Number of protein chains: 2
Amino acid sequence: MRVTIKTLAKALNLSTATVSKALNDSYEISNDTKQRVKALARELHYVPDLNASSLRSGRSKTIAVIIPEVADSFFSQAINGIESVAQEKGYHVLFYLTHESLAKEQAILQDFQSGRVDGVLISVTAETHNAAHIKALESKKIPVVFFDRICDEMETAKIITDDYESGYKATQHLIDCGCRQIALLSISENLSISNQRMEGYKKALADNQLPFNAANIIYCANDESYNFCLIKNLMVQANRPDGIIATVEKLSGSIYFVCRELHLQIPTQVKVIGFSNLQSAWLLNPPLTTITQPAFNMGKAAAVALFKALNKKNYSPKNEILVIPSSLEIRNSTVI
Amino acid sequence: MRVTIKTLAKALNLSTATVSKALNDSYEISNDTKQRVKALARELHYVPDLNASSLRSGRSKTIAVIIPEVADSFFSQAINGIESVAQEKGYHVLFYLTHESLAKEQAILQDFQSGRVDGVLISVTAETHNAAHIKALESKKIPVVFFDRICDEMETAKIITDDYESGYKATQHLIDCGCRQIALLSISENLSISNQRMEGYKKALADNQLPFNAANIIYCANDESYNFCLIKNLMVQANRPDGIIATVEKLSGSIYFVCRELHLQIPTQVKVIGFSNLQSAWLLNPPLTTITQPAFNMGKAAAVALFKALNKKNYSPKNEILVIPSSLEIRNSTVI
DNA sequence: ATGAAAGCGCTAACAG
DNA sequence: CTGTTAGCGCTTTCAT
C-alpha cells in the first residue's frame, strides 16, 4: 500500500490536517509533533503526491523553458544556468523546443493554461512578431521572463546581452582590420536581438563613413543547405564582401564551409566573426573570432528573476531589462 | 471565472461525467454530444486541469529525461530526438542534469515517487555503479528506459550504440595509420560504455599483436583543467603515445589544447580520434576523425521504447537492447 | 496546538 | 447513451 498523509495520521493518532501542517512546517504545530511526523515520514519513505498538492494549492513547483533549438551551445549553456537555479530551489524544469515555429510556440503556451507550470522562461522564435499568446499567460497569473530573444511589447523581466554594442564592436573590429565591405548574416526581421545587432552594425559603418548596402544584409533561414546557398551566392560575386558577421552561432559554420568550397582564405581574403559560444572556437581552422555571450549567466539570471516573481504575492515580474555584456574575443579568423 | 467541466455541463444541460467522457472521446458518448461539448469547450477556451486529471487518473502525460550534461552535442542531439517524439505524442518532458553526481541522480529519482512523471529516460552518471535507486521506480510502476549510458543489472529497454565495435574500429584505424602506442581516455570504470569501448580497444591491440599497457588508459574526471594536466603529463613523456582515442566528446578538445601547448603536430606526431558528434569536427584544425554516434536516433528510439511501455497494461518495458551503430568518419587528425 | 470538514477538478464504476 | 456517486491526496478555513 502507498504511504499517504492518512497513513501517517493513523499511525501517530493525529489528524491529516495536523500531519499536513507539520510537514509544511506550519507555525501552528508544536515542535515535538513536527519531529515525530517527519521522523515517521522518513521512516516510511513518505513522498507527497504532487498532483494532489498542486490541485489543492494551485502551485506545481514546475517551470517551463521554451527555446528555439538546443543543438547550439548558446542555449545549451543557458539551460545549464537555468537548471542550476531550479534545482537549488527545488523546482522542476519542463523543456520545450519550438524549432523556430511560431505555431509550436503557441501550442506549447496554450497548454500552460492547464496549471502545469508556475512560471515560464522563454526565448522566442524568429517568427514571433506579436505576443498575444504570451500575454494570455498573464491573465492566468503565470509570470513570464524573457531571455536573449525578447518581445519588446511585453512588460516583464527581460535578460539580454548588449546586442547593439556587440554589433557595433564586431563591425568596428572588422573595419579596424581593413574590411570595407561587410556582410551581416541575420535570421529575422522581427527579432529584437537581430535588429539591435544590425543597428550597431549600421552605426559603426556610419561612424566610419562607410556606406550601408542593403545587399550585404542576408536573411538566413532555419535550413542549413539553403543558408549554404545564400552564403555561396554572396561570396561568388566579383565584389564579394571582405568581412562577414554571423549574428547567430550556427551560421559561422556555414561560412567556413562555403569558404572551404570556394577556396577562399580566412582571414586573408575574407574575415569572419561569429556570435558564438562554441567551446571549440579556438580549435577551428582558423580559430574563430567571436562575440561570446554570457549564456550560462543569462540563463541563471532569467531563472532568478522568475523565482523572484514566483515568491511575490502578485506574481508579476518587474518590468525591467537586465543587460549582461558580451565580449569580443579576437582570434585568427580576423587577424593573422 | 475559470471554465471547468462543470461550466460546460451546466451550459449544455449534461452531467460532468458525460462532458468528461465526451472530451476524452469515449465510445459511450454519441457523436452529436461530442460535437456539442467540444464546440463549447473551444468557444469558452476550456483547458482541462492537468493536476486534477493526473490525480484522478494516475497519469501525468509527462516523462523525465535525466542526463549528465548538456554542453555536449551528443546529449543535445539526443534530447532533440526525445523531444520530437514526446511532442508528437502530446507528452511533456522534464529535464534534469546530474553533472555526473550519483547523489543528484538519486535525489532526482526519489522525487519521482510523487507521481510527477509517467516514465523515465536516463543516461546514468559516471559514478553510478549500482541501480538500487532506479529499481525503486519499478515498484511504482514507472517504466525506465536507458540510453547510451546504461545499467547492465536493470532488466528493461536499453538503447545503445555499438561501443565495443566502435572501440575496436577506432583502435584498428589508428593501428592502420601506423600507431603502435595508443592511449585511451576514459571517464569511468563502472560505465558500461567505457568498458565496452575499452574491451574493443584491447581486442584490436591483441589482434594486431600489440601489448596492452595499463599506463595508456587514462581516467579523466569531470574537471577540465584536471583533465588537461592528466593529458599533458601523458604527452610530455619521452615514450609518449603516437595515437589517442577520446572516448567521450569533451576530451577531444582537451587533447587539441594540450597538443597546441606542447607544439605537438596532429597527425604527424600524434594521431587523434574522438567519440564525438560535434558539427564542427570538420572545421577543427586539423579536422577531427570521429566515431560519430547516432545521437538523435538514439534519443528518438529511447522515447519510442518508453511510450511503447506506457501504452501497455503492465507498464514494464521489454528487456531488450537496441543497438544503433556508430560510424567512423576519417578526417585529418589521423591521416594527412 | 490540534481536528473536522469541505472541496480543488476530474474520472471511473455503476446504474439506469 | 447519459447520469449518479464517490473519491484521488492534499490543503485550508474554521472550530475547538
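Every chain is numbered from 1, with letters handed out A, B, ... down the list of sequences. Owing to the predicted nature of the structure, the values given are computational and were not obtained by experimental measurement. Side chains are part of it too, since the values below use all heavy atoms of this structure and drop only hydrogens, waters and symmetry mates.
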Kindly say if [X] contacts the phosphate of [N], meaning a side-chain N or O under 4.0 Å from OP1 or OP2.
{"X": "Thr33(B)", "N": "dC1(D)", "result": "no"}
{"X": "Ser20(B)", "N": "dT11(C)", "result": "yes"}
{"X": "Thr18(A)", "N": "dG3(C)", "result": "yes"}
{"X": "Tyr27(A)", "N": "dT2(C)", "result": "no"}
{"X": "Ser15(B)", "N": "dG3(D)", "result": "yes"}
{"X": "Arg59(B)", "N": "dA12(C)", "result": "yes"}

Side chain of [X] only, please: which of [options] is the nearest?
{"X": "Ala17(B)", "options": "dC14(D), dG3(D), dC10(C)", "value": "dG3(D)"}
{"X": "Leu55(B)", "options": "dC1(D), dG9(C), dT4(D)", "value": "dG9(C)"}
{"X": "Arg56(B)", "options": "dA13(C), dG7(D), dC10(D)", "value": "dG7(D)"}
{"X": "Glu28(B)", "options": "dC14(C), dT11(D), dA12(C)", "value": "dC14(C)"}
{"X": "Arg2(A)", "options": "dG3(C), dG3(D), dG9(D)", "value": "dG9(D)"}
{"X": "Thr4(B)", "options": "dT13(D), dT11(C), dG9(C)", "value": "dG9(C)"}

Could you state the [atom1]-[atom2] distance from [X] to [N], rounded to the nearest angstrom?
{"X": "Asp32(B)", "N": "dC1(D)", "atom1": "CG", "atom2": "P", "result": "11 Å"}
{"X": "Ile29(A)", "N": "dT2(C)", "atom1": "CD1", "atom2": "P", "result": "6 Å"}
{"X": "Lys21(A)", "N": "dA1(C)", "atom1": "NZ", "atom2": "P", "result": "11 Å"}
{"X": "Leu12(B)", "N": "dG3(D)", "atom1": "CG", "atom2": "P", "result": "10 Å"}

Quiz item: Heavy-atom distance under 4.5 Å between the side chains of Thr128(A) and Arg149(A), does that happen here?
Solution: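 No, side chains not in contact.
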Using a 4.0 Å heavy-atom cut-off across all strands, classify [X] as base, sugar-phosphate, or nothing.
{"X": "Asn24(B)", "value": "sugar-phosphate"}
{"X": "Ser54(B)", "value": "nothing"}
{"X": "Asn13(A)", "value": "sugar-phosphate"}

Quiz item: Does NZ belonging to Lys38(A) count more than 12 external heavy atoms closer than 6.0 Å?
Solution: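 More than 12 heavy atoms, drawn from other residues, nucleotides or ligands, come within 6.0 Å of this atom.
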Quiz item: Quick one: on DNA chain D, does Arg36(B) or Val3(A) contact a more 5' nucleotide (nearest heavy atom)?
Solution: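 The answer here is Arg36(B).
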Self-check item: Centroid-centroid under 6.0 Å between Phe112(A) and Tyr96(A) rings
Solution: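 They qualify: ring centres under 6.0 Å apart.
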Practice problem: Nearest-nucleotide wise, let me know which of Pro48(B) and Thr16(A) is further upstream toward the 5' end of DNA chain C. | Solution: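 Comparing both residues, the 5'-ward one is Thr16(A).
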Exercise. Quick one: closest heavy-atom pair of Ala22(A) and Ile29(A), and the distance?
Key: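 Shortest heavy-atom separation between Ala22(A) and Ile29(A) comes out as N-CG1, 3.9 Å.
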